[in-house]
Amino acid sequence: MREDRIKSLQYFEYTIPNYLPDAFKHFFKVSHETVDKLCESLSQYPGVLPEAYPRGRAHIPLQKKVLMTVRYLVSQETVRELSDRFGVTEHSLICCKRQVIETMCDQLLRRFITWPKHDEFRAISTRFDEMGRHNFPDILGAIDGSHIPIQAPINNPKCYFNRKQFHSIVLQGVCVDDLKFTDVNVGWPGRVHDAKVLRNSSLWDEGFHKCDYGNFHLLGDGAYPLKEWLLTPYRDNGHLSQKQTQFNIALSSKRQVIERAFGLLKGRFRRLKFINMKSIREICQTIVAACILHNICNMTFLKKY
């Protein structure tokens, strides 16, 4: 007879509740408040989160599903290691993770990743202007692209092989001064240039309107085209004037917020360091779920302090 694999017992029921706040955050990389906020948000969609155990078996609580998903996102542990830790089968863990991530993408994306309201524009631009030593008025955010390493896809692997010599999916993000994402676009192969990703995103058509018809601006690097609502640095041909050089320095000092946002995102959600999945759709959903959870962490931190 086949012997059942030994799993951790009562880890969710007894061990996690006894974690001190620092120990909980060390293991899950997010606070209790963030997990509670995510559970509260997902509990509004009970029909979207079916029971993980069919055929009359005891169901898995929503909080356990969320904790398993969070641990999956913040670590690089295998499905087998995570299922052993939480005392469930590998199939159940995959189902729970998929349910939570799909619900986050379908129901919470437009709730937690939102463009600033018009009455917030001036306050955001003021905070950007006061950031650092250089002044730069009327800035509404910074934009950039980031490569998320993935397993080489079965179909068209060359399209995902980027200039940095690894397979990836492009995450285009816009963030404000507090590192909160206000717009994300995920799914283009790593070989595609950042400018093409932008031109094929909704932001390209709506950017002028979203930036108050050019009265406010986004900051991008030299990979992006210059637009009335998108400012980029002068190309350094070796003959820049002093004002042009100062402009580039000021722009770079403000634009670093998007680099910090990507650094924080990948540092907290270590699954994004390499996503070992076959389905491109699930890869994109995983990236979007991490961005949503990043914003929830940001909200709970600001609310707490």
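In what follows, every heavy atom counts, from backbone to side chain, and hydrogens, waters and symmetry copies are set aside.
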Decide yes or no on side-chain hydrogen bond (donor to acceptor under 3.5 Å, both in side chains) for Gln76 and Lys273, but give the supporting numbers first. CA-CA 8 Å; Gln76 292 182 306; Lys273 291 184 178 294; over 6 Å; no

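- Each of Ile169 and Trp188 belongs to its own hydrophobic cluster when Ile, Leu, Val, Met, Phe, Trp and Tyr are linked at side-chain heavy-atom distances under 4.5 angstrom.
- Looking at His167 and Asn162, their side chains never come closer than 4.5 Å, going by heavy atoms from C-beta outward.
- Salt bridge status for Arg281 with Glu102: present, with a side-chain N to carboxylate O gap under 4.0 Å.
- With values rounded to the nearest 0.5 angstrom, Asn156 atom CG is found 10.0 Å from Ile280 atom CD1.
- Nearest heavy atom pair, residue Glu228 against residue Phe208, reads OE1-CE1, 3.4 Å.
- Aromatic ring pairs are classed by plane angle as parallel below 30°, tilted from 30° to 60° and perpendicular above 60°; the pair Phe86 and Phe28 is tilted.
- Distance alone, capped at 3.5 Å, is enough to place a donor-acceptor pair between the Asn215 side chain and the Asp212 backbone.
- Heavy-atom minimum distance, Gly132 versus Lys254: N-NZ, 4.5 Å.
- For the pair Leu140 and Ile124, the tightest heavy-atom approach, listed with the atom from each and the gap, is O-CG2, 4.0 Å.
- Phe24 and Tyr11 fall within the same hydrophobic cluster, where Ile, Leu, Val, Met, Phe, Trp and Tyr residues are linked whenever their side-chain heavy atoms come under 4.5 Å apart, directly or through other members.
- If you chain together hydrophobic residues whose side chains sit under 4.5 Å apart, Tyr19 and Val74 fall into the same group.
- Contact of the Lys97 side chain with the Leu73 side chain is not registered, since no non-hydrogen atoms from C-beta on lie closer than 4.5 Å.
- Listed for the Thr114 side chain is no donor-acceptor partner under 3.5 Å among the backbone atoms of Arg111.
- Nearest heavy-atom pair, Arg260 versus Gln256, reported as atom, atom and distance to 0.1 Å: CD-OE1, 2.7 Å.
- The CG atom of Leu218 sits 8.0 Å away from the CD1 atom of Ile139 when rounded to the nearest 0.5 Å.
- With contacts defined as side-chain heavy-atom distances shorter than 4.5 Å, the pair Gln151/Ile275 does not qualify.
- Summarising the geometry, atom CG belonging to Leu108 is positioned 10.0 Å from atom NZ belonging to Lys37; distances are rounded to the nearest 0.5 Å.
- Taking the charged nitrogens against the carboxylate oxygens, Lys278 and Glu282 have no contact shorter than 4.0 Å, which rules out a salt bridge.
- A salt bridge between Arg127 and Asp178 is absent, with no side-chain N of the basic residue lying under 4.0 Å from a carboxylate O of the acidic one.
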Evaluate side-chain contact (heavy atoms from CB on, under 4.5 Å) for Asp236 paired with Thr245, printing each intermediate quantity in order. CA-CA 9 Å; Asp236 190 357; Thr245 302; over 6 Å; no

Applying side-chain contact (heavy atoms from CB on, under 4.5 Å), run through Lys64 and Glu13 and close with a yes or a no. CA-CA 9 Å; Lys64 187 172 184 178; Glu13 291 78 4; 4.3 Å; yes

Using the rule given for side-chain contact (heavy atoms from CB on, under 4.5 Å), can you reason through Leu293 versus Val70, listing the C-alpha separation, both sets of side-chain angles and the distance that settles it, and then say yes or no? CA-CA 9 Å; Leu293 200 49; Val70 170; 4.0 Å; yes

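- The cationic group of Arg71 lies under 6.0 Å from the six-membered ring centre of Phe27 and within 45° of the ring axis, placing it in a cation-pi geometry.
- Residues Phe181 and Phe262 have side chains in contact (heavy-atom distance under 4.5 Å, counting atoms from C-beta outward).
- Side-chain N or O atoms of Asn248 include none that pairs as donor or acceptor with a backbone N or O of Pro233 at under 3.5 Å.
- A donor-acceptor pair is defined here as one N or O able to donate and one able to accept, closer than 3.5 Å; such a pair exists between the side chain of Gln244 and the backbone of Ser241.
- Closest approach of Tyr224 and Gly220 over heavy atoms only: CD1-CA, 4.1 Å.
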Show the numbers, then the answer: is there a ring pair (Phe, Tyr, Trp, His ring centres under 6.0 Å) between Tyr234 and Phe247? CA-CA 8 Å; Tyr234 289 98; Phe247 176 90; 5.3 Å; yes

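- Hydrophobic clustering, with ILVMFWY side chains joined whenever heavy atoms are under 4.5 angstrom apart, keeps Val288 apart from Val174.
- The closest donor-acceptor contact from the side chain of Trp115 to the backbone of Lys210 lies under 3.5 Å.
- A side chain to side chain contact (heavy atoms under 4.5 Å, CB included) with Ile148 holds for exactly one of Val186, Leu272, Leu265, Val170; it is Leu272.
- The side-chain heavy atoms of Phe136 and Met131, taken from C-beta on, include no pair separated by under 4.5 Å.
- A 4.5 Å side-chain heavy-atom check between Leu42 and Val100 finds at least one atom pair inside the cut-off.
- Under a cut-off of 6.0 angstrom, the local environment of CG in Asn155 is sparse, with at most 12 non-hydrogen atoms contributed by other residues, nucleotides or ligands.
- A donor-acceptor distance shorter than 3.5 angstrom exists from the side chain of Asn295 to the backbone of Phe112, with no hydrogens or angles considered.
- In this structure, the side chains of Gln107 and Ser41 stay at 4.5 Å or more apart for every pair of heavy atoms.
- A donor-acceptor pair under 3.5 Å is absent between the side-chain atoms of Asn298 and the main chain of His294, judged by distance alone.
- Atom CG of Leu203 is separated from atom SG of Cys211 by 7.0 Å, given to the nearest 0.5 angstrom.
- Within a 6.0 Å sphere centred on CD of Gln44, heavy atoms belonging to other residues, nucleotides or ligands number more than 12.
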Set out, in order, the CA-CA distance, both residues' side-chain angles and the distance that settles side-chain contact (heavy atoms from CB on, under 4.5 Å) for Tyr72 and Arg271, then state yes or no. CA-CA 7 Å; Tyr72 171 82; Arg271 184 65 54 180; 3.6 Å; yes

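- The two residues Pro153 and Tyr160 have their closest heavy-atom pair at CG-CD1, 3.5 Å.
- For the pair Thr15 (side chain) and Phe12 (backbone), a donor-acceptor distance under 3.5 Å is absent.
- Using cut-offs of 30° and 60° on the angle between ring planes, the pair His118 and Phe121 is tilted.
- Counting heavy atoms from C-beta outward, Thr34 and Met299 have side chains that stay 4.5 Å or more apart.
- When each of Val30, Ile292, Leu264, Leu179 is tested with Cys297 by the rule side chain to side chain contact (heavy atoms under 4.5 Å, CB included), just one qualifies, namely Val30.
- For CZ of Arg191, the number of neighbouring non-hydrogen atoms (other residues, nucleotides, ligands) closer than 6.0 Å is 12 at most.
- Here OG of Ser43 is found 11.0 Å from CG of Asp36. Values are rounded to the nearest 0.5 Å.
- Checking Ser146 against Lys266 by side-chain atom types alone, a donor-acceptor pair falls below 3.5 Å.
- Under a hydrophobic clustering in which Ile, Leu, Val, Met, Phe, Trp and Tyr are joined whenever their side-chain heavy atoms come within less than 4.5 Å, directly or via other members, Phe161 and Val192 fall into different clusters.
- Neither side chain, Asp138 nor Ser125, offers a donor N or O lying under 3.5 Å from an acceptor on the other.
- Remark: Ile101 CD1 to Lys65 NZ distance equals 13.0 Å, nearest 0.5 Å.
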